[in-house]
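In what follows, a single structure is set out as structure tokens and then discussed.
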2 protein chains.
Amino acid sequence: MEAADRIGQASASLTPAERRVAEVVLEHPQLVAFGTVADLAEQSGSGAATVVRLATKLGFDGFTALQASVQHDLARQLRPAAERIREPAATDAIANHLSLELDNVRATLSSLDGGALSDVVSHLADVGRRVFVLSGDASQGVAAQLVADLSALRDRVLRIGGNDVAVRRQVALLEPADVVLMLDLRRYDRWVIDAAREARRVGVWAVAVTDSLLSPLAAVADRTLVVAAAGGGPFDSHVGTLALFNLLVAGVADRLRTAVTDRLDRAEAAWQGSGSLSDR
Amino acid sequence: MEAADRIGQASASLTPAERRVAEVVLEHPQLVAFGTVADLAEQSGSGAATVVRLATKLGFDGFTALQASVQHDLARQLRPAAERIREPAATDAIANHLSLELDNVRATLSSLDGGALSDVVSHLADVGRRVFVLSGDASQGVAAQLVADLSALRDRVLRIGGNDVAVRRQVALLEPADVVLMLDLRRYDRWVIDAAREARRVGVWAVAVTDSLLSPLAAVADRTLVVAAAGGGPFDSHVGTLALFNLLVAGVADRLRTAVTDRLDRAEAAWQGSGSLSDR
DNA sequence: TCGTCGATGGAACAACAGTTCCGATCATAC
DNA sequence: GTATGATCGGAACTGTTGTTCCATCGACGA
């Protein structure tokens, strides 16, 4: 998209008001294509002059040229898709992945049982219990994402990992009141299964996030959440798993609402004070 | 479609010239939505007055009303999902998250430009270059997932992170032939922006994965991939980002096919030998 | 053949929208 | 604290566009 590209190019040299207009252009292209300068100005809380200035700054010959460009893009976008297909050769791969990942998310979330979900959330939101996350090697990233998000909401969320010795020590130190979330997909990591069995022996409450109810993790878990992980490349896709984790995190945040807002406010204050976050 | 319906309704009572205009309206709606009375008149070989007369005869309050109706239809057609799905919210948490995450995946992958994608994949698949991944704190997990997957396909994939001192050292040691992938969403981490700017100064080829073309990362990147990250909980969702990463990984695997199969075979042999993986 | 009526497009008009200019305001630096 | 510069929005201006009016053309009937 011509206009979008130019906005990205010039984003560094935009004034605050121009930036507000540019955001509206990116988010509501129809407003540019169908609307007027005044409409854009109102929507972005700026003046008409600023809108025109942005258009010229982007290299267009006035607002009219910018509008024509956006109209052109929009018209191309709503061609009956039959014509769109032949444009880039890569479209096939994109469309293929798109349907694959959509299926993963859909299958994972819609096969979810409400009762099981709220049971898992309850355990994860129980601040009296420690939460441990155990993940196979291939899913370390999403596991880390879960641990990070949960840690922002509550204390004592820990990842079991490192070398074999460290894992054995961490598992040995589990207590019956703890909660452990175990994540692994087919071609299960031996050490994960071993750790899971040992955890079960200790008597902790365990939830398995895995690809089948026949998984060895499901056998030793109190609850099992099944994820779809069909991948278009050489590896499994953890998109569905991550969507599930987001749902769990949102659930925990909801249960701990008052405590969470307090935690997040304090973190926010710390960030504000140090200026370590930036809106732009 | 309102206008089309009314044309069908009134088709019997249309004069020859009006009929020509009506045909243009049906076949080239963009001309009505984006064009003027004069454009329509010229295209249909009639006069401006005839165009206006048709509009009023169809029950519209002048051409402007007809145009607004066509624009409305086109705008609705342009958004297959984005705003249509958001309407029936507030049902239950699972369905809400489901539509949200589906939108994230859909918006992220379908807004992708085939050319940009293959350019990024080419750089990531260039084994002559080192690949560095730089990520904001909130997305460390998915970044780690990308690094792990890429590392399985090729050597010299490294994550820039750790404490501030370590980051500065790693960035300072970048070379012009390197490739850096920068990932961060709104409320950008100051240190990520600083590191990205420094990397740009060094002259490395950079791709930004971020939430807007107005992101500070986009300003210093050679390519920018925009992701949708609407979250149902307190945090952003990285589901769309992970889907995009899967696509990148699959692309890299495809480019390096022969080398990759060899690598994976050797890893497979190692796992087989040690029995560290299990089917059940 | 002439007159009447509907159809049609060109031209005038009025409203609107894009552009430009300028004064006010804010931030910044000295 | 003052001065300078950038930034911004309101208002005048000008070009464009939708609308309306009217002269012309053609068909049909007397």
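Order of the sequence lines fixes the chain letters, A, B, ..., with proteins taken first and strands second; residue numbering starts at 1 for each chain.
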Exercise for the section: In whole angstrom, give the distance that lies between atom NZ of A/Lys57 and atom C1' of D/dA6. Expected result: 10 Å
Problem - Which residue lies more 5' along DNA chain C, comparing A/Gly35 with A/Arg53 via nearest heavy atoms - result: A/Gly35
Handout entry: Distance-only side-chain donor-acceptor flag, B/Glu101 / B/Ser237, under 3.5 Å
Key = yes
Practice task
Kindly point out which of C/dT19, D/dT19, D/dG9 is positioned nearest to the side chain of A/Ala17?
Solution key: D/dG9
Handout entry: For atom CZ of A/Phe34 and atom C1' of C/dC16, their distance in whole Å
Key = 19 Å
Problem - Verdict with reasoning, A/Arg263 to A/Asp155, per salt bridge (Lys or Arg N to Asp or Glu O under 4.0 Å) - result: CA-CA 10 Å; A/Arg263 275 179 82 97; A/Asp155 287 326; 3.1 Å; yes
Practice task
In plain terms, say whether B/Arg201 and B/Glu198 are close enough for a salt bridge, that is, a side-chain N and a carboxylate O under 4.0 Å apart.
Solution key: yes
Practice task
Consider the side chain of A/Phe63, meaning its heavy atoms from C-beta on, and name the nucleotide among C/dT8, D/dT7, C/dG18 that approaches it most closely.
Solution key: C/dG18
Exercise for the section: Under 4.0 Å between any heavy atoms, over every strand shown, what does B/Ala49 touch: base, sugar-phosphate, or nothing? Just pick one. Expected result: base
Problem - Length of the CG-P vector between B/Leu54 and C/dT8, whole Å - result: 11 Å
Practice task
Considering just the side-chain nitrogens and oxygens of A/Thr15, establish if one lies under 4.0 Å of OP1 or OP2 belonging to D/dC8.
Solution key: yes
Handout entry: Distance, rounded to the nearest Å, where B/Leu66 contributes CG and D/dG18 contributes P
Key = 11 Å
Problem - Shortest side-chain distance from A/Val37, nucleotide among D/dT7, D/dT19, C/dT19 - result: C/dT19
Exercise for the section: Verify the contact: side-chain N or O of A/Arg20 to OP1 or OP2 of D/dG9, cut-off strictly under 4.0 Å; return yes or no. Expected result: yes
Handout entry: Heavy-atom side-chain proximity of A/Leu14 to B/Leu214 below 4.5 angstrom
Key = yes
Practice task
Calculate the interatomic distance between B/Arg19 atom CZ and C/dT8 atom P; express it in whole Å.
Solution key: 11 Å
Exercise for the section: Measure the distance from CZ on A/Phe60 to P on C/dT19 and round it to the nearest whole Å. Expected result: 12 Å
Handout entry: Euclidean distance, atom CD of residue B/Gln67 to atom C1' of D/dT17 [Å, nearest integer]
Key = 10 Å
Completion exercise
Between CD of A/Glu42 and P of C/dC16 the distance, given in whole Å, is 16 Å
Handout entry: Phosphate contact (C/dG9 OP1 or OP2) by B/Thr50 side-chain N/O below 4.0 Å
Key = yes
Practice task
Answer yes or no: does a side-chain N or O of A/Thr64 lie under 4.0 Å from OP1 or OP2 of C/dT19?
Solution key: yes
Handout entry: Test: B/Glu2 and B/Arg6 ion pair at under 4.0 Å
Key = yes
